[in-house]
Structures are given as C-alpha cells and as structure tokens.
Number of protein chains: 2
Amino acid sequence: MVRKSRSTGRITLDDVAKAAGVSRITASRALHGGRAVGAELVARVQQAAAQLGYIPDPAARALASARSTQVPVLVPMLSNALFVDLLEAVHRMLYPAGFQPMIGVTHYDPAEEELLLRNFLAHRPAGLLVTGFDRTEAARQLIANSGVPCVYLMETTDAPGVHCVGFSQTAAGSVMTQHLLDRGYRHIAFVAAQLDPRTLQRAEGYRATLKAAGCYDARLELLSPERSSMALGGRLLEELVRTHPEVDAVFFNNDDLAHGGLLGAHRLGLAVPSRVAIAGFNDLAGSDQMVPALSTVHTPRVEIGEQGARMLLQLIGGQTPTPSSIELDYQLVVRAST
Amino acid sequence: MVRKSRSTGRITLDDVAKAAGVSRITASRALHGGRAVGAELVARVQQAAAQLGYIPDPAARALASARSTQVPVLVPMLSNALFVDLLEAVHRMLYPAGFQPMIGVTHYDPAEEELLLRNFLAHRPAGLLVTGFDRTEAARQLIANSGVPCVYLMETTDAPGVHCVGFSQTAAGSVMTQHLLDRGYRHIAFVAAQLDPRTLQRAEGYRATLKAAGCYDARLELLSPERSSMALGGRLLEELVRTHPEVDAVFFNNDDLAHGGLLGAHRLGLAVPSRVAIAGFNDLAGSDQMVPALSTVHTPRVEIGEQGARMLLQLIGGQTPTPSSIELDYQLVVRAST
DNA sequence: GTTGGTTATGATAGCGCTATCCAATCATCG
DNA sequence: CGATGATTGGATAGCGCTATCATAACCAAC
C-alpha cells in the first residue's frame with residue numbers, strides 16, 4: 001500500500017523496510033521480534049535501521065498495539081531519600097529491559113495518586129509499580145479494571161493474586177523498640193511525622209513491644225501530621241524533654257527526624273546516649289556520620305526496588321511469579337547513639 | 001466515515017461525538033480548543049465526555065498531531081535535594097497547565113543524557129527542560145534538530161536564542177569566599193566532589209577571590225571526583241586538617257559535604273568555628289539545624305524551576321520570552337559555623 | 001501425489017486522534 | 001445587493017505502527 005505523506009521527514013519503518021527490501025510488517029517483526037523472521041532478513045533489517053538511524057515512534061506503537069513500554073512508578077515523596085534509592089533500583093532493572101519508568105509523586109495524598117493513576121493509565125502502560133496499599137476505592141478499581149500488571153512495594157499482604165515486595169514495618173518497629181529495652185531504657189518515646197500507613201505500622205510495633213514489657217506510656221508517643229524534617233525532629237525532641245523529662249530514649253520513625261533530634265539534643269546540651277538515647281529508622285545516608293553515630297534500622301529499599309521490578313517483568317512476560325508476596329529482611333544497626 | 005472496530009471497549013472520541021450529536025472532529029475541537037466551536041456545542045460535548053468518562057488517548061493524540069504533552073526534565077541526580085526542589089517547582093507549574101513532566105536522571109553522565117534525550121525525543125515532547133550546558137555534541141544536535149522548545153536550567157548564557165534560567169555559580173562561589181575573608185580567615189580550603197561544570201564554576205569564584213586577596217594556596221583546593229556525600233565531607237575534612245593544619249576555614253561546595261565536614265570536625269574535637277570555620281553551599285534542609293548552624297549560600301532552585309517552567313510554557317505557546325536569559329539572586333546565609 | 005501441519009512473508013485494515021481542505025452561514029462593505 | 005472575508009461545522013485522509021488473516025513455501029507422512 002502506497003501512502004502519501006504529510007510527514008516530517010522523520011525516518012519511518014517504511015523507509016527501513018524499503019532499504020532492506022522487505023515489507024513494513026516484516027521490518028517491524030525483525031526489529032521487535034513479534035514473530036519468527038528469517039535470520040538473514042533480521043540482519044538486513046537491523047542493519048538498515050542502524051544505518052538510517054531509525055527510531056521507532058512510541059506513540060504509534062502504543063496506538064497500534066494497545067500497549068506502551070511505560071511503567072509508572074508511584075512514590076509518595078522524593079524528598080525522602082528512601083524513595084530515591086527505591087527509584088534508582090527500579091530504574092536499573094526496568095530500563096535495560098526496554099521499559100521506561102515514569103516517576104509519579106503522590107505527596108502522600110490518595111486523591112493525588114488517583115489522579116496520577118488516571119493519567120498514567122491512559123498511556124496504556126506495560127506495568128505499574130505503586131507504594132503500599134492505602135488508596136482510594138476508585139484508584140483500586142482503576143488498577144483492577146486496567147488489566148495492567150501491578151506490583152505493590154514496601155508493604156506485603158497475603159491476599160491472593162496481589163503481587164508485592166516489602167518488609168514487615170510492624171516487626172521492624174518492634175525490633176528497634178526491643179533493642180532499646182534491652183539496653184535498659186524504660187521511658188522510650190516514639191516520634192513520627194507524616195503519618196502514612198507504614199509509619200503507623202511501625203508505631204504499632206513500638207506500642208505492642210512496650211506494652212508487652214509493661215513500659216508503655218501513651219504520653220511518650222508523639223505523632224505529628226507534619227512533613228518529616230530535621231527541624232521537626234529537633235522541635236519534637238525539645239518538646240518531649242521539656243514536658244516529659246523522664247524520657248531516656250527516643251525512637252524516631254525516620255532518620256531525618258532522628259538527625260534533627262540528635263542535633264537538638266546537642267543544642268540542649270543533653271548527652272547522647274547517656275542522658276537520652278536516640279534511634280532512627282531507614283539508615284539513610286549520613287546516619288553513620290552523625291556524632292554519635294545513629295542507631296537505626298536498615299531497610300531493604302534497594303532490594304524492594306530490584307525484586308519488585310523483577311516481579312513486574314515476569315508479570316509483563318505473562319509468567320506467574322512465585323511467591324507472589326516477598327517479605328524481605330531489615331537489619332537492626334546498632335551504633336553509638338543508643 | 002463509519003469504522004469497524006477491533007476495539008477494547010474503551011470510550012473513544014467517536015462515542016462522545018455520537019452522544020453529543022456532532023462529528024468527531026468537532027468533539028475534538030470542543031474538548032481541546034484547537035479552533036472556535038459554538039458555545040452551545042462545546043457545552044454539549046463536554047457534558048457528554050464527562051458523562052461517559054471519556055479519557056483521551058495520549059498516544060493517538062501524539063501520533064495525529066506530532067506533539068505530545070510530555071515534558072522531559074533532565075536532572076543529574078535525585079539524591080541531591082537541590083534537584084528534588086527544582087523538580088517539585090517544575091511540576092507545580094507544568095502539571096496544571098496540562099503538561100506531563102517526565103523525570104530523567106542523567107547521573108552526571110553526558111552519554112547517559114544523550115541516550116535519555118534520544119528516547120524522550122522519540123515521544124515528540126511538547127518541551128524540554130535540561131540542566132546546564134555541558135552535553136555531548138550529538139545531544140546538542142538532537143535538541144536543535146528536534147525543534148522542541150528547550151529551556152536550560154541552573155546556568156545562564158548570553159548566547160542568542162538560548163533560553164535559560166539560573167544564577168552565577170562563579171559569583172556565588174566568590175561571595176562565600178569573600179565572606180570568609182571578611183571574617184578574618186586566611187587559610188581557606190575549598191572542598192568539592194562530583195566535579196560537574198557548576199561545581200567548577202564555584203571553584204573558579206573561590207580561586208579568583210582568594211587570588212585577589214593574595215591568600216590563594218592551591219594545596220587547599222580539594223577536588224574529588226567521587227559522589228558527594230556526608231561521609232566524603234567528613235573524610236576530606238579530616239585529610240585536610242591532617243595534611244594542612246594551618247587551615248582555618250573550609251568552604252564545602254555542597255551542603256551535604258559540609259554537614260559531613262561539620263560532624264567530622266566534631267569527631268576530631270575541632271571547635272567550629274573557632275578552630276576551623278565551615279561553610280556550605282545550597283542551603284539544603286537541615287543546614288539550619290546543624291550545631292553550630294551552617295553558613296551557606298541559599299540558591300534559588302525553586303525560582304529556577306518556576307521561572308524555567310514558565311518560560312517553557314511561553315515558548316510552547318509560540319511566544320518569545322524576554323529576556324531569554326534570567327539570572328536570579330542567591331543569598332549568602334551567615335550562621336554560626338563561620 | 002495429495003493431505004496436513006508447520007513455518008516465513010505479505011496485504012489489508014485499522015488503533016484513536018488531528019491536519020487540512022471544503023462547504024455553509026453570516027456579517028461587512030462599497 | 002452581490003462580492004468579500006470571517007467564522008463555524010464536517011468529510012477526508014492520514015500520523016507510524018501492529019493485529020490479523022491470507023498466502024506461499026517447505027517438510028513429513030500416507
């Protein structure tokens with residue numbers, strides 16, 4: 001079929017096909033391997049494509065095949081280094097496999113996530129990576145109805161048919177609390193900001209562990225809806241020490257809060273850990289540099305990104321990954337601050 | 001024209017047009033405003049679209065119009081909070097205007113940037129935001145030949161026809177150096193990592209200012225190709241103090257290095273600023289929380305993002321922004337560490 | 001040979017949308 | 001009042017690619 005062009009001078013598959021002396025559809029198959037093509041033709045087409053500098057038009061491919069190579073990755077926030085590490089890992093896995101990760105930032109807002117999802121799904125993505133399970137019912141429906149393979153990151157569930165990679169936030173919260181108990185602290189505060197579900201799960205771990213030890217004091221649990229930051233960590237530590245001077249250890253729910261708390265303690269002239277112990281969560285860059293070095297829980301965000309991406313690639317390839325839910329290990333990292 | 005469908009049950013513009021009793025092209029124009037359409041028809045079409053839950057297919061739009069709504073934003077690194085702030089600002093401006101910012105991370109690697117550019121340009125983006133001017137010749141050509149409006153961020157140039165928003169890295173480097181001189185320091189070291197062009201420009205400002213004051217000592221200039229990090233900052237401070245004990249001030253090229261340096265000084269038992277003054281660059285979150293609080297240069301990355309995005313929107317709209325080069329102000333922030 | 005089952009290649013027909021031209025209507029003006 | 005131009009709606013023809021079905025070629029088995 002001959003076609004007249006209103007075209008841009010762009011090199012199309014037709015040009016490649018002509019140069020290789022084959023039909024357009026054969027050129028397509030030779031380049032993208034939809035179906036068997038003779039080895040000699042494949043070579044000829046690939047050479048022609050390389051020589052002409054052919055670049056496939058992703059819009060046309062998406063339109064014709066009802067699938068793009070895009071993979072939206074929805075994370076709550078880029079200012080949390082946790083998610084930057086996660087995104088790097090995801091990118092490292094997906095990009096070489098021919099997929100285009102598209103970063104979407106939800107700002108911890110389910111409504112915003114729903115909007116992003118709606119927009120991204122219009123692009124007919126190859127797959128989908130999202131953070132956690134906390135979303136609007138509409139968003140859930142969008143994912144389900146789209147038929148796009150989806151892997152959930154950071155948290156896990158046993159629900160059948162749900163593919164996820166994460167770790168037990170609750171258990172990780174417990175472990176650090178237990179460590180503080182083991183060290184002999186008895187007035188252990190918990191400080192959290194940005195009260196997303198994972199934060200609350202860690203709080204749950206903290207609470208349960210202290211209750212089991214008979215040391216739980218609700219007044220030592222500070223949950224702030226504000227955005228997590230060093231400044232907030234400092235402020236909350238100060239508040240805590242002023243209103244509850246008996247506090248002898250503070251478990252900050254995030255390393256940035258803990259950094260701020262540690263520095264706040266310095267400002268107040270409180271010795272760490274002798275007057276007050278400080279613990280963090282996530283083991284972000286710099287925690288080992290603090291003075292004293294920060295005890296924290298190292299979370300497997302890189303592995304989550306890698307394994308989540310790998311699982312998604314399997315789903316895209318039509319395989320059924322087993323297990324469908326992967327729970328990874330975290331690591332208690334004991335340093336000088338406790 | 002009637003068309004048989006191999007379709008997916010997706011709601012198309014045809015469905016909307018039918019429901020509104022107009023032709024497909026009129027529906028398209030009513031929704032996207034390419035050309036004038038009667039007010040009553042617009043209302044009817046919009047209502048039909050809303051009622052059916054119509055979502056335009058971006059791939060089809062891109063294919064038919066040779067333009068998508070995507071706007072690649074290429075930044076060197078997400079682990080530098082600077083660029084996260086920049087991206088947030090860009091997103092805030094572009095998204096409500098109907099454009100889809102696509103984050104691309106170059107890892108400070110021109111070859112990787114070129115690859116990203118090649119891939120992104122295949123999507124026929126509406127516009128392009130890139131960091132600085134340091135790229136491969138091929139990348140330059142790609143941008144120029146694509147005809148896609150492009151705004152350069154972080155640095156500025158007077159070259160005609162180049163649209164850019166940034167600040168003078170050199171001058172900002174000078175200002176902090178001058179501040180240290182004014183405070184009476186005479187053995188001022190410069191510590192940098194990740195030697196991108198902007199870092200080198202700041203080094204240039206440092207060098208020129210010290211030379212003018214007759215205080216320049218090349219041995220106090222530490223340029224490390226490693227990735228910037230707190231750990232590196234601590235390590236380099238230690239090295240500096242060991243090999244050049246006369247050093248009385250250190251200008252770290254980035255706040256994260258400075259944080260590490262400050263903490264390194266603590267570990268070594270060096271009083272800040274009396275034994276050694278510490279200065280940073282960028283005024284990242286937490287610099288005001290350090291003990292002592294970190295003197296630094298506040299850089300206008302949020303404004304760069306906003307104004308860069310605004311400029312790009314003008315270019316996309318066919319306007320010619322004046323001026324084509326915007327140089328923004330930075331702020332010397334003097335705190336206790338100097 | 002003919003049948004039947006595999007490949008390997010091609011022709012055709014869209015994917016869902018917009019560019020472009022054309023026709024119809026209406027206001028403006030010498 | 002017809003000519004002119006501006007404005008609004010529609011018909012047609014693709015954008016660049018792949019799904020789908022048909023066709024041709026080949027080999028094994030009766």
Side-chain angles (χ1 to χ4, degrees), chain A residues 1-45 49 52-70 121-124 126, chain B residues 1-45 49 52-70 121-124 126:
Chain A
M1 183 165 63
V2 184
R3 19 178 82 220
K4 231 174 320 176
S5 195
R6 71 173 185 234
S7 116
T8 49
R10 183 194 184 96
I11 291 147
T12 71
L13 195 52
D14 274 328
D15 301 325
V16 175
K18 210 166 298 170
V22 298
S23 73
R24 190 192 332 144
I25 184 66
T26 300
S28 168
R29 293 201 270 245
L31 291 175
H32 301 294
R35 243 179 50 189
V37 176
E40 190 229 355
L41 283 194
V42 170
R44 231 161 68 207
V45 170
L52 293 173
Y54 169 68
I55 299 175
D57 183 327
R61 277 169 52 87
L63 184 58
S65 68
R67 271 286 166 268
S68 75
T69 60
Q70 301 184 358
L121 286 175
H123 288 84
R124 305 172 177 283
Chain B
M1 184 164 63
V2 183
R3 19 178 82 222
K4 232 174 318 176
S5 195
R6 71 174 185 232
S7 116
T8 48
R10 183 194 184 97
I11 290 145
T12 73
L13 196 50
D14 274 327
D15 301 325
V16 174
K18 211 166 298 168
V22 298
S23 73
R24 190 192 332 141
I25 185 66
T26 300
S28 168
R29 294 201 271 242
L31 291 175
H32 301 294
R35 237 181 53 184
V37 175
E40 190 230 354
L41 284 194
V42 170
R44 231 162 67 207
V45 170
L52 293 173
Y54 169 68
I55 298 175
D57 183 327
R61 277 169 52 87
L63 183 58
S65 67
R67 272 287 167 269
S68 75
T69 59
Q70 301 184 357
L121 286 176
H123 287 85
R124 304 173 177 281

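A note on names: the letters A, B, ... follow the listed sequences, proteins ahead of strands, and every chain is numbered from 1.
Within the 4.0 Å cut-off from OP1 or OP2 of dG10(D), at least one side-chain nitrogen or oxygen of Ser23(B) is found. For Arg124(A) and dG16(C), the shortest distance from a side-chain N or O to OP1 or OP2 is below 4.0 Å. Checking the phosphate oxygens (OP1, OP2) of dC17(C), no side-chain nitrogen or oxygen of Ser65(B) falls inside 4.0 Å.
Distance CG/Asp14(A) to OG/Ser28(A): 11.0 Å, rounded to 0.5 Å.
Val42(A) places none of its side-chain heavy atoms less than 4.5 Å from the side chain of Leu31(A). Counting only heavy atoms from C-beta outward, the side chains of His32(B) and Pro56(B) approach each other to under 4.5 Å. Side chains of Ile11(B) and Ile55(B) form no contact here, defined as non-hydrogen atoms less than 4.5 Å apart.
The interatomic distance linking Leu63(B) (CG) with dA13(D) (C1') rounds to 13 Å, in whole Å. Between the CZ atom of Arg67(A) and the P atom of dT18(D) there is a distance of 15 Å, given to the nearest Å. Look at CG on Leu52(A): it is 15 Å from P on dG16(D), rounded to the nearest Å. In this entry the distance linking CZ of Arg10(B) with P of dG14(C) reads 19 Å, nearest Å. With rounding to whole Å, His123(A) atom NE2 is found 15 Å from dG16(C) atom P. Regarding Ile11(B), its CD1 atom lies at a distance of 16 Å from the P atom of dC15(C), rounded to whole Å. Note: CG (Asp57(A)) to P (dG14(D)) measures 18 Å, nearest angstrom. We find that CZ of Arg24(B) is positioned 13 Å from P of dA13(D), with the value rounded to whole Å.
Comparing dG16(C), dT20(C), dC17(D) by their closest approach to the side chain of Ile25(B) singles out dT20(C). The listed nucleotides are dC17(C), dG10(D), dT18(D); the one nearest the side chain of Thr26(B) is dG10(D). Taking the side chain of Leu13(B) as heavy atoms from C-beta on, and the options dT20(D), dG10(D), dC17(C), the nearest nucleotide is dC17(C). The nucleotide whose nearest atom lies closest to any side-chain atom of Val37(B) is, among dG9(D), dC17(C), dT18(D), dG9(D). With distances taken from any side-chain atom of Ala64(B) to the nucleotides dT18(C), dG16(D), dT18(D), the minimum falls on dT18(C). Set against dC17(D), dT18(C), dG9(D), the side chain of Leu41(B) has dG9(D) as its closest nucleotide.
In terms of polar N and O atoms assigned as donor or acceptor, the side chain of Arg29(A) never comes within less than 3.5 Å of the base of dT18(D) in a complementary pairing.
A salt bridge does not link Asp15(A) with Arg10(A): every distance from a Lys NZ or Arg NE/NH1/NH2 to an Asp or Glu carboxylate oxygen is 4.0 Å or more.
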